[in-house]
Amino acid sequence: MAMSFPPPTGKVSCTHPGTFGDMCICCGQRLAEETGVSFRYIHKGLRLCNDEIARLRDNDLKNLLRHKKLYLVLDLDHTLLNSTQFMQLTPEEDYLQNSSNDSLFKLDCMNTMTKLRPFVREFLKEASQMFEMYIYTMGDGLYAKQMAKLLDPGGDYFDGRIISRDDGTERNRKGLDIVLGQENAVLILDDTEKAWTTRHTENLILMERYHYFASSCSQFGFNCKSLSQIQSDESESDGALASTLRVLKKVHRMFFEEMVDDDDVNGRDVRRVLCTVRKDVLKGCKIVFSRVFPTHFQAENHRLWKMAQNLGAVCCTERDSSVTHVVSAESGTEKSRWARKTGRFLVDPRWIEASNYFWQRQPEDNFPVKQ
């Protein structure tokens with residue numbers, strides 16, 4: 001990763017913008033205390049002070065904008081791929097040991113089998129034209145680098161921008177403080193919102209989890225067959241990555257379409273653009289819920305209510321003539337019967353979640369309320 005540090009300051013007192021170990025990267029003076037933020041994924045022992053981080057981010061952003069690029073931070077597990085230990089393979093998955101699938105890899109050095117998500121190579125190729133990309137995983141450094149080799153064997157996409165749990169500043173939580181990109185120009189792809197500090201959730205595109213192996217389903221408590229067990233996989237053209245790529249292209253186009261020169265970036269924020277795109281998904285829908293929330297639960301605080309609102313829907317607790325959808329957990333409720341009688345859409349709560357994951361209003365007929 002190319003980085004430019006200020007030249008030696010000569011007779012002017014050095015501000016010590018960063019250190020390698022205990023030595024200033026600028027003047028070479030040995031310092032008694034560690035200061036700044038660690039960027040060990042760039043170089044072991046490298047620490048940078050806040051002013052230097054801001055300077056590097058500003059310079060890098062100006063360069064990226066000239067090339068009409070933004071930043072994209074990518075999670076690994078359940079987002080771009082799925083991994084399992086050899087010992088966790090079920091008898092139904094034994095056939096994988098002799099599979100000739102070119103997106104399935106056996107890593108004997110880690111006793112691990114990894115399956116790349118369908119469309120991931122095309123996704124990375126096209127996304128690299130619009131974004132400077134980072135990997136950020138809660139796996140350890142060895143795992144992160146091995147997965148990066150599978151995804152980017154030619155080293156064309158990440159150029160050392162591979163961050164693991166060993167590099168974070170907060171235990172068991174990811175943050176953009178160690179990403180050398182301005183927050184107003186960063187998008188994040190991850191399957192777990194809680195993995196990120198709350199201040200960065202507005203940058204996040206939440207991905208539908210990729211459960212290829214049986215151990216992955218078990219990990220999240222799903223009592224169902226995995227994709228590998230039924231010898232199936234996600235669609236290349238209509239799967240999660242293809243859908244997300246369409247969203248990224250739209251956000252990228254909207255971010256840059258009104259820009260004239262570099263100065264315009266001060267008024268541009270990819271988070272606002274992402275919010276605008278998200279609110280188009282269920283625009284025009286007015287939803288009333290039935291038996292979806294626990295008794296005495298404040299409806300406005302439920303995740304489905306908030307999710308629907310973020311998608312542009314209007315949510316209410318009582319039906320009226322302007323309601324377009326009844327989201328219900330049971331078909332026999334009064335509101336469910338009213339929906340059928342008056343010709344409103346009657347859908348299972350999964351309709352909201354599916355629309356959220358695919359960034360597109362899903363066909364209501366695909367989400368009937370169970371009897």
Side-chain angles (χ1 to χ4, degrees), residues 1-5 18 20 25 36-48 50 52-77 79-81 114 116-117 120-170 173-192 195-197 200 203-205 207 241 244-245 248 251-252 270:
M1 183 184 305
M3 298 176 62
S4 59
F5 297 111
F20 277 125
I25 59 176
V37 179
S38 172
F39 283 82
R40 56 179 293 171
Y41 71 92
I42 296 175
H43 194 290
K44 186 177 181 180
L46 174 64
R47 303 182 74 88
L48 300 174
N50 290 334
E52 181 63 9
I53 294 171
R55 186 188 73 84
L56 290 171
R57 283 176 174 163
D58 186 56
N59 288 346
D60 195 47
L61 181 60
K62 288 179 180 178
N63 179 57
L64 276 193
L65 291 177
R66 282 195 294 269
H67 293 88
K68 294 290 182 71
K69 282 190 172 186
L70 299 170
Y71 302 93
L72 182 62
V73 179
L74 299 164
D75 176 50
L76 288 177
D77 293 286
T79 299
L80 299 183
L81 48 81
T114 294
L116 302 187
R117 197 168 199 165
V120 69
R121 297 203 185 281
E122 295 84 351
F123 173 88
L124 292 174
K125 182 178 179 180
E126 294 199 42
S128 68
Q129 305 302 310
M130 302 179 287
F131 299 92
E132 183 173 272
M133 298 188 296
Y134 285 75
I135 283 175
Y136 199 153
T137 177
M138 293 306 289
D140 62 28
L142 175 61
Y143 179 77
K145 290 177 181 177
Q146 288 291 334
M147 296 303 105
K149 288 180 181 178
L150 299 183
L151 293 165
D152 184 19
D156 300 317
Y157 303 136
F158 302 111
D159 190 28
R161 295 182 294 273
I162 303 169
I163 305 173
S164 71
R165 69 176 180 220
D166 308 326
D167 307 308
T169 58
E170 190 174 338
R173 194 67 71 90
K174 301 176 183 179
L176 295 179
D177 52 342
I178 56 173
V179 173
L180 288 176
Q182 298 280 23
E183 291 182 15
N184 67 332
V186 178
L187 290 177
I188 301 166
L189 292 192
D190 204 312
D191 67 282
T192 306
W196 288 88
T197 56
H200 297 138
N203 302 77
L204 175 66
I205 295 176
M207 295 289 294
L241 286 177
T244 303
L245 181 62
L248 292 177
V251 172
H252 181 271
V270 75

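Counting from 1, the numbers follow the sequence of the chain as shown. Hydrogens, waters and symmetry mates are skipped; everything else that's a heavy atom, side chains included, is used.
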Is a side-chain N or O of [X] found less than 3.5 angstrom from the main chain of [Y], in a donor-acceptor match?
| X | Y | value |
| --- | --- | --- |
| Asp140 | Ser164 | no |
| Ser128 | Tyr157 | no |
| Asn203 | Val186 | yes |
| His252 | Lys68 | yes |
| His43 | Phe39 | no |

Using a strict threshold of under 4.0 Å (side-chain N to carboxylate O), is an ion pair present between Lys125 and Glu122? no

Can a salt bridge be assigned to the pair Lys174 and Asp75 using a cut-off of 4.0 Å between side-chain N and carboxylate O? yes

Mind listing the closest non-hydrogen atom pair of [X] and [Y] along with its distance?
| X | Y | answer |
| --- | --- | --- |
| Arg57 | Leu180 | CG-C, 3.7 Å |
| Leu124 | Met133 | O-CE, 3.7 Å |
| Arg173 | Met138 | N-CE, 3.8 Å |

Aromatic ring pairing Tyr71/Tyr134, orientation class (parallel under 30°, perpendicular over 60°, tilted between): tilted

Would you call the rings of Trp196 and His200 parallel, tilted or perpendicular, taking 30° and 60° as the class edges? perpendicular

Roughly how far, to the nearest 0.5 Å, is [atom2] of [Y] from [atom1] of [X]?
| X | Y | atom1 | atom2 | value |
| --- | --- | --- | --- | --- |
| Leu187 | Leu72 | CG | CG | 6.5 Å |
| Leu151 | Leu74 | CG | CG | 9.0 Å |
| Asp166 | Tyr143 | CG | OH | 14.0 Å |

The single option from Asp190, Ile178, Leu76 that satisfies side-chain contact (heavy atoms from CB on, under 4.5 Å) with Tyr136 is Ile178

